[in-house]
Amino acid sequence: MPAARKESERTKSPVSKGKSAMPVADLACHPLSFDMAEVFDEQQDAPGLTKGQRTLLKVKAAVARALEQTPYQMLRISDVADQAQISYGLFYHYYKDKERATVEVLLDFLEHLEKTYAQIHVSDDDYASLYQPNLFYLDVNRRNAGLIRACLTVSEEVESFREQYTLLIDRWHRRMAQSIRRNQKTTDELLPDAELVAYGVGGMIDQYCRQVYAQQNPFLSRLIENTHHFAETVSIMWYRAVYGRSPTKQQILNCRPDHKSGE
């Protein structure tokens with residue numbers, strides 16, 4: 001639990017009472033969070049699509065679901081065909097091989113992630129402005145662990161994807177840096193470089209996500225009660241790293257899903 005919450009005044013963490021090996025059973029996380037396979041499913045219902053366009057989206061959804069179950073290195077065309085309930089021949093009508101299919105699905109995923117992240121309301125509260133994006137990012141990682149894992153693998157094997165993946169990560173951290181600058185108080189003290197801080201704390205969160213969601217480290221996972229608890233902990237660490245102090249108890253409580261205004 002975060003050190004800022006003293007034992008004598010600790011409030012029960014939101015949603016979950018116990019701790020499981022894998023914190024995946026959250027009932028309510030960030031409202032903008034998404035499962036990419038479900039996004040492809042929903043896109044199939046868009047008006048005006050041809051049969052071929054709908055089938056392509058069906059194949060993409062199958063790739064996304066297959067990667068949740070099977071690492072990219074072990075993925076077979078049959079895994080995708082079985083998920084989509086299509087023939088091998090129909091798969092090859094749309095993609096030359098699993099690499100092309102996976103890269104296209106990952107790029108769609110990263111584009112949707114970036115566009116959705118941009119919709120998050122920036123709070124005037126400096127702690128909430130960290131907590132809400134962190135909750136969104138952690139929950140997207142939770143719901144798309146296979147795609148996140150595939151991003152790391154494919155970025156090592158496909159140079160064109162690595163370049164686009166790196167650019168997206170840089171844009172992400174630059175937005176973090178803008179938020180840090182916006183909330184820094186003007187003082188006579190020397191402030192740390194915002195971009196370096198953003199990369200540092202962003203790297204911390206990415207490493208957490210790899211171990212909890214991609215690698216499913218049981219020793220770390222059992223410490224996390226749910227995604228809200230996870231987001232709260234990393235946000236407090238982030239806040240301390242950036243501002244050199246802890247957020248107030250009221251700031252923390254205001255971000256909890258079970259908190260009622262006026263308490």
Side-chain angles (χ1 to χ4, degrees), residues 1-2 12-42 60-72 75 83 102 105-120 128 130-155 165 168-169 172-173 176 201-238 255-258:
M1 301 294 287
K12 287 185 179 180
S13 293
V15 182
S16 174
K17 294 181 179 179
K19 297 180 181 179
S20 60
M22 185 71 174
V24 297
D26 293 316
L27 298 177
C29 291
H30 199 283
L32 293 178
S33 177
F34 62 89
D35 178 316
M36 195 61 203
E38 294 178 358
V39 171
F40 287 132
D41 289 341
E42 293 169 1
K60 288 183 177 182
V63 171
R65 289 193 170 93
L67 286 169
E68 290 301 313
Q69 301 173 8
T70 307
Y72 172 74
L75 186 69
Q83 279 282 350
T102 300
V105 166
L106 294 180
L107 289 176
D108 286 351
F109 167 63
L110 295 175
E111 180 182 6
H112 191 75
L113 174 62
E114 189 169 26
K115 286 182 178 179
T116 308
Y117 175 80
Q119 298 175 34
I120 298 175
L130 296 177
Y131 176 84
Q132 289 298 332
N134 284 341
L135 179 62
F136 167 77
Y137 187 70
L138 292 174
D139 201 39
V140 169
N141 272 261
R142 176 180 71 90
R143 300 179 67 184
N144 300 274
L147 294 182
I148 297 295
R149 184 172 55 237
C151 282
L152 300 174
T153 303
V154 175
S155 66
Y165 186 46
L168 180 139
I169 292 173
W172 188 282
H173 287 118
M176 292 181 188
V201 293
M204 171 190 73
I205 293 177
D206 284 338
Q207 180 60 23
Y208 267 136
C209 287
R210 289 191 193 102
Q211 291 198 46
V212 174
Y213 302 126
Q215 300 172 359
Q216 298 187 21
N217 180 333
F219 303 104
L220 177 57
S221 296
R222 69 188 181 191
L223 300 175
I224 300 169
E225 297 177 14
N226 51 62
T227 309
H228 289 283
H229 170 231
F230 198 3
E232 180 176 296
T233 302
V234 298
S235 297
I236 291 173
M237 290 192 292
W238 186 329
C255 287
R256 291 189 181 177
D258 56 356

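Since we're looking at a predicted model, the values are computed, not measured.
Applying the side chain to side chain contact (heavy atoms under 4.5 Å, CB included) test to A66 and every residue at least two apart in sequence or in another chain returns L75, D79, V80, Q83. For the side chain to side chain contact (heavy atoms under 4.5 Å, CB included) test, residues two or more places apart in sequence or in another chain that qualify with T116 are L32, F34, H112, F136. Judged as a salt bridge (Lys or Arg N to Asp or Glu O under 4.0 Å), and not counting sequence neighbours, the contacts of R143 are E38. Listed by chain and residue number, nothing satisfies the salt bridge (Lys or Arg N to Asp or Glu O under 4.0 Å) test with E42 (two or more places apart in sequence, or in another chain). Remark: D41 pairs with R65 by the salt bridge (Lys or Arg N to Asp or Glu O under 4.0 Å) rule, at least two apart or across chains. Not a single salt bridge (Lys or Arg N to Asp or Glu O under 4.0 Å) links D35 to another residue, sequence neighbours left out. Legend: residues meeting side-chain hydrogen bond (donor to acceptor under 3.5 Å, both in side chains) with S235, ordered by chain and number and at least two apart, are N134. For F40, there are no ring-ring contact (aromatic ring centres under 6.0 Å, His included) partners two or more places apart in sequence or in a different chain. Under the ring-ring contact (aromatic ring centres under 6.0 Å, His included) criterion, Y72 pairs with no residue, sequence neighbours left out. Every residue meeting the side-chain hydrogen bond (donor to acceptor under 3.5 Å, both in side chains) condition with Y137, not counting sequence neighbours, appears here in chain and number order: D206. Listed by chain and number, the residues in a side chain to side chain contact (heavy atoms under 4.5 Å, CB included) with Q211 are Q207, Q215, N217, L220 (sequence neighbours excluded).
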Criterion side chain to side chain contact (heavy atoms under 4.5 Å, CB included) on C209 and I205, from CA distance to verdict: CA-CA 6 Å; C209 287; I205 293 177; 4.2 Å; yes
Test side chain to side chain contact (heavy atoms under 4.5 Å, CB included) applied to L152 and Y165, step by step: CA-CA 9 Å; L152 300 174; Y165 186 46; 3.9 Å; yes
Audit row: N141, R210, side chain to side chain contact (heavy atoms under 4.5 Å, CB included) steps and yes/no: CA-CA 9 Å; N141 272 261; R210 289 191 193 102; over 6 Å; no
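Side-chain atoms of N144 come within 3.5 Å of backbone atoms of M36 as a donor-acceptor pair (strictly under, hydrogens ignored). In this structure, R256 contributes its side chain and H228 its backbone to no donor-acceptor pair below 3.5 Å.
You'll find the side chain of P71 stays beyond 4.5 Å of the side chain of T153, heavy atoms only. Side-chain atoms of R142 and C29, non-hydrogen and from C-beta on, do get closer than 4.5 Å to each other. Counting heavy atoms from C-beta on, the side chains of L113 and W172 come closer than 4.5 Å. Side-chain contact between L138 and V212: absent, with no pair of heavy atoms (C-beta onward) separated by less than 4.5 Å.
Annotation for Q132 and I120: closest pair CB-CG2, 4.4 Å, computed over non-hydrogen atoms.
Considering NZ of K60 and CZ of F109, their distance stands at 14.0 Å, rounded to 0.5 Å.
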